[in-house]
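Here is the structure we will look at.
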Amino acid sequence: MSKRQYWLMKSEPEAYSIDDLKRDGQIRWSGVRNYEARNIMRDKMNVGDRAFFYHSNVKPPCIVGEMEVCTEPYPDPLQFDPDSKYFDEKSSESDPRWHLVDVKFIRKFENSVTRDILKEAGLSEMQLFKRNRLSITHVEEEEFIKVLELAGLEPLD
DNA sequence: GCCAACGTTGGC
DNA sequence: GCCAACGTTGGC
């Protein structure tokens, strides 16, 4: 069993929000079409890893909750669907290009943690800030705990 | 709504 | 294989 790792995953709440995840319980993290983000899901994530849910493209952008990786990676079905905006004609079922994992809801923060709060708390070294536009980034364990603290929460087992 | 950052595409 | 053109992300 590998050591649990921590991640941050962005979503525009207009497209899919923490409240949607709370309602659904579990969701396929569909639609990632960036190779680096895909590689993280395909090669780096493990069942049981924890991730922050980050609301992007809103004011203010912020971390709004916690979730857990709950499946092994598998091909994103939308890449095969001609009607989907995520259809990829260069991909095939025999050699799929895009992989994803499912995540499940753990908790929504009562106090979401904005970028400003993160910076003020000395977390400006987070990959979130270093890796402009990358929608999935790695989070150090210490950073993860610090963010929970900022949200007024204790780490879960 | 602007636009900087930056990944992707495609002509050569 | 270079790189200009183009498209997208996402903070501001």
Side-chain angles (χ1 to χ4, degrees), chain A residues 5-24 27-45 49-69 73-140 142-153:
Chain A
Q5 299 195 82
Y6 301 90
W7 311 96
L8 180 147
M9 301 168 82
K10 300 181 186 174
S11 177
E12 301 191 11
E14 199 172 274
Y16 196 81
S17 73
I18 186 73
D19 290 319
D20 294 328
L21 182 63
K22 186 175 182 181
R23 180 197 63 216
D24 297 339
I27 195 74
R28 206 176 251 163
W29 205 259
S30 264
V32 167
R33 294 294 179 266
N34 168 281
Y35 289 108
E36 195 170 353
R38 177 209 64 183
N39 290 347
I40 290 173
M41 288 198 285
R42 194 189 59 183
D43 308 331
K44 305 253 177 72
M45 282 186 174
D49 282 1
R50 297 285 165 76
F52 287 133
F53 195 119
Y54 176 94
H55 279 176
S56 66
N57 233 333
V58 284
K59 292 175 188 177
C62 51
I63 296 172
V64 293
E66 184 178 357
M67 51 197 181
E68 182 169 307
V69 175
Y74 62 98
D76 184 348
L78 295 184
Q79 69 194 306
F80 309 125
D81 176 1
D83 295 327
S84 169
K85 68 183 272 202
Y86 298 114
F87 177 64
D88 185 345
E89 62 177 9
K90 291 176 183 164
S91 186
S92 66
E93 307 236 9
S94 57
D95 185 21
R97 181 179 288 193
W98 304 107
H99 295 73
L100 48 66
V101 296
D102 283 15
V103 290
K104 69 180 179 195
F105 179 82
I106 295 182
R107 52 182 166 173
K108 176 184 175 178
F109 296 169
E110 266 181 58
N111 306 299
S112 52
V113 182
T114 65
R115 292 170 71 88
D116 287 345
I117 292 172
L118 292 172
K119 284 187 236 170
E120 284 161 20
L123 288 170
S124 50
E125 291 302 307
M126 284 178 73
Q127 277 200 43
L128 170 66
F129 297 107
K130 301 290 179 189
R131 302 302 318 278
N132 199 12
R133 302 197 313 147
L134 186 60
S135 68
I136 302 178
T137 53
H138 186 250
V139 177
E140 299 294 337
E142 309 80 66
E143 293 170 339
F144 198 88
I145 291 166
K146 191 80 184 288
V147 171
L148 288 177
E149 237 170 68
L150 294 169
L153 296 168

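Sequence lines set the chain letters: A, B, ... in the order given, protein chains first and strands last, and positions in each chain run from 1. Source: prediction; values computed, not measured. For the numbers below, each heavy atom of this structure counts, side chains included, while hydrogens, waters and symmetry mates do not.
Rounded to an integer number of Å, the gap from A:Leu128 CG to C:dC12 P is 10 Å. Protein atom CG of A:Leu134 is 18 Å distant from nucleotide atom P of C:dT8, rounded to whole Å. Atom P of nucleotide C:dT9 and atom CD1 of A:Ile136 are separated by 13 Å, given to the nearest angstrom. For the pair A:Asp116 CG and C:dC12 P, the computed distance is 7 Å after rounding to whole Å. The distance from atom OH of A:Tyr35 to atom P of B:dT8 is 7 Å, rounded to the nearest whole Å. Taking atom CZ of residue A:Arg97 and atom C1' of nucleotide B:dT8, one finds them 11 Å apart after rounding to whole Å. We find that CZ of A:Arg131 is positioned 8 Å from P of B:dC6, with the value rounded to whole Å. Atom CZ in A:Arg115 sits roughly 10 Å away from atom P in C:dG10 (whole-Å rounding).
Taking 4.0 angstrom as the limit, A:Lys10 places a side-chain polar atom (N or O) nearer than this to OP1 or OP2 of C:dG10. For A:Tyr54, a side-chain nitrogen or oxygen approaches OP1 or OP2 of C:dG11 to under 4.0 Å.
Closest approach of A:Asp88 and A:Arg97 over heavy atoms only: OD2-CD, 3.2 Å.
Checking each of A:Arg42, A:Arg131, A:Arg133 against A:Glu36 for a salt bridge (Lys or Arg N to Asp or Glu O under 4.0 Å) leaves exactly one that passes, namely A:Arg131. Each of A:Thr137, A:Leu134, A:Val147 was compared with A:Leu8 under the side chain to side chain contact (heavy atoms under 4.5 Å, CB included) criterion, and only A:Thr137 meets it.
Nearest nucleotide to the side chain of A:Lys90, out of B:dG10, C:dG11, B:dC6: B:dG10.
Map A:Arg133 and A:Asn57 each onto its nearest nucleotide of DNA chain B; the residue landing nearer the 5' end is A:Asn57.
Ring planes of A:Tyr6 and A:Phe144: tilted class, angle from 30 to 60°.
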